Amino acid sequence: MQACVITAPRQAQLQDAARPEPGAGQVLLRLEGSGVCASSLPVWEGREWFQYPQAAGGPGHEGWGRVAALGDGVAGLEVGDRVAALTYRAHAEYDIADAKAVVKLPPSLAGKAVPGEPLGCAVNIFRRSEIRAGQTMAIVGIGFLGALLTQLATHAGARVIAVSRRQDSLDFARRFGAAHTVVMDDHWKVLEQVKQLTGEQWCERVIECTGLEWPLQLASEMCAIRGRLVIAGYHQDGMRQVNVQLWNWRGLDVINAHERDPQAYIDGMREAVALMQQGVLDPEPLYTHRLPLDRLGEALELTRTRPDGFMKALVLA
């Protein structure tokens, strides 16, 4: 098979690699494509703890495709089934998945890209946020995840204030149902706008989706008394300073919405597929860049630089 290999920081090559064989309880997937995740940027940019070259196909974990072969003991799946799966070397033509980490895709999604892992993440974050009809909430950071959460929260009947630094991201938020948009530029200006939009009551739910310290602080200050602050951003680069006095004073519930139980990922993926079937979740407009597998490096650079109009890149096998 062919697989992309990150050979050094900011260098990726399409190489020949051995096609894996499924073991007991596993399936071989012939991938149609995989999403490119911002969590892959540290290995792309280079950190002292990474080793190069990376494994063929790594760190792709947002793949979808068809079952090409079954290992011993696999039940409920057949060769040819179209699926999304949680795997870890999906920037390739083939990858191995545990059968229990595979979600069948219905015929109604034929031809649709289904990077299951980030879609499942959005659903899991939404569930842990406990968003209800009539609530006013803010989503800080409108990338792929923030836009999906805007869509889900709006469908649930919440009034969404979308906060992001890029106007094109805020345009996506409006398209996905946000009632208000606020440019994330000046700290006090943002707070004043949210204060006015909420009648000085602030937000019952605030979801931080950036993985950066200042927006996390900003999100904290938007929370209403007895509100819920949901940390959905992927904070990879060390310690954070937060205003625990404010958290105490307002009696906030603070939720780290990242899952580490693989079954929770699969449950979220399965629910995301159901919501796509129902028309509640429609990620298709967010796939702004589709590139062939040999252009993984370009897709990662797009994810790093986020040019105007960018939301999410897919690499297609």
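Because the structure is a prediction, the values reported are computed rather than measured.
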Practice prompt. Determine whether the side chains of Q196 and E192 contain a donor N or O and an acceptor N or O closer than 3.5 Å.
Written response: yes
Fill in: pair I96-T87: side-chain heavy atoms closer than 4.5 Å
no
Worksheet item: According to the salt bridge (charged side-chain N to carboxylate O under 4.0 Å, His left out) rule, which pairs have a member within residues 51-79, sequence neighbours left out?
Response: E62-K312
Worksheet item: Are any side-chain N or O atoms of H91 and backbone N or O atoms of G58, one a donor and one an acceptor, separated by less than 3.5 Å?
Response: no
Worksheet entry | Any donor-acceptor N/O pair, D95 side chain to R89 backbone, under 3.5 Å | yes
Discussion item. Run the salt bridge (charged side-chain N to carboxylate O under 4.0 Å, His left out) test on E204 and R132 for me, step by step, so that the C-alpha distance in whole Å, both residues' side-chain angles and the decisive distance to 0.1 Å come before the verdict.
Written reply: CA-CA 10 Å; E204 293 152 283; R132 301 287 182 264; over 6 Å; no
Worksheet entry | Full working for side-chain hydrogen bond (donor to acceptor under 3.5 Å, both in side chains) between H187 and E221 | CA-CA 10 Å; H187 188 96; E221 295 186 56; 2.9 Å; yes
Item to complete: Look only at the side chain of Y265 and the backbone of E259, and say whether a donor-acceptor pair between them is shorter than 3.5 Å.
Response: yes
Discussion item. D81: which residues meet the salt bridge (charged side-chain N to carboxylate O under 4.0 Å, His left out) condition with it, sequence neighbours left out?
Written reply: K104
Worksheet item: Taking side chain as C-beta onward, heavy atoms only, is L41 less than 4.5 Å from Q236?
Response: no
Discussion item. Checking side chain to side chain contact (heavy atoms under 4.5 Å, CB included) between L86 and each of K100, E117, Q263, which is the one that passes?
Written reply: E117
Worksheet item: Hey, is the main chain of T198 close enough, under 3.5 Å, to the side chain of R159 for a donor-acceptor pair?
Response: no
Item to complete: Output yes when a side-chain donor or acceptor of S169 lies under 3.5 Å from a complementary backbone atom of I142, and no otherwise.
Response: yes
Worksheet item: Can you check whether V36 reaches W44 side chain to side chain, under 4.5 Å on heavy atoms?
Response: no
Practice prompt. Run the salt-bridge test on R166 and D168 with the 4.0 Å N-O cut-off and return the result as yes or no.
Written response: yes
Discussion item. Just by distance, no angles: are the side chains of Q193 and H180 close enough, under 3.5 Å, to form a donor-acceptor pair?
Written reply: no
Practice prompt. For R10 and E301, indicate whether the former's side chain and the latter's backbone hold a donor-acceptor pair under 3.5 Å.
Written response: no
Worksheet item: Between Q151 (side chain) and F176 (backbone), is there a donor-acceptor pair under 3.5 Å?
Response: no
Worksheet item: How many angstroms lie between atom CD of E200 and atom NZ of K195, to the nearest 0.5 angstrom?
Response: 4.5 Å
Worksheet item: Distance-only, no hydrogens or angles: does the R270 side chain make a donor-acceptor pair with backbone N or O of V103 under 3.5 Å?
Response: no
Practice prompt. Please confirm whether the backbone N or O of Q277 pairs with a side-chain atom of S108, one donor and one acceptor, at under 3.5 Å?
Written response: no
Worksheet entry | Salt-bridge present (E284, R290; N to O < 4.0 Å) | yes
Item to complete: For R250 and C223, indicate whether the former's side chain and the latter's backbone hold a donor-acceptor pair under 3.5 Å.
Response: yes
Worksheet item: Is the shortest heavy-atom distance from the side chain of M276 to the side chain of L119 under 4.5 Å?
Response: yes
Worksheet item: Hey, does R30 have a side-chain heavy atom less than 4.5 Å from the side chain of E93?
Response: yes
Worksheet item: Can you get from I6 to L291 by hopping between Ile, Leu, Val, Met, Phe, Trp and Tyr side chains that sit under 4.5 Å apart?
Response: no
Discussion item. Could you check whether any side-chain heavy atom of M137 comes within less than 4.5 Å of a side-chain heavy atom of I139, counting everything from C-beta outward?
Written reply: yes
Fill in: Verdict with reasoning, L31 to L293, per side chain to side chain contact (heavy atoms under 4.5 Å, CB included)
CA-CA 11 Å; L31 293 162; L293 187 59; over 6 Å; no
Worksheet entry | For D171, all residues meeting salt bridge (charged side-chain N to carboxylate O under 4.0 Å, His left out), sequence neighbours excluded | none
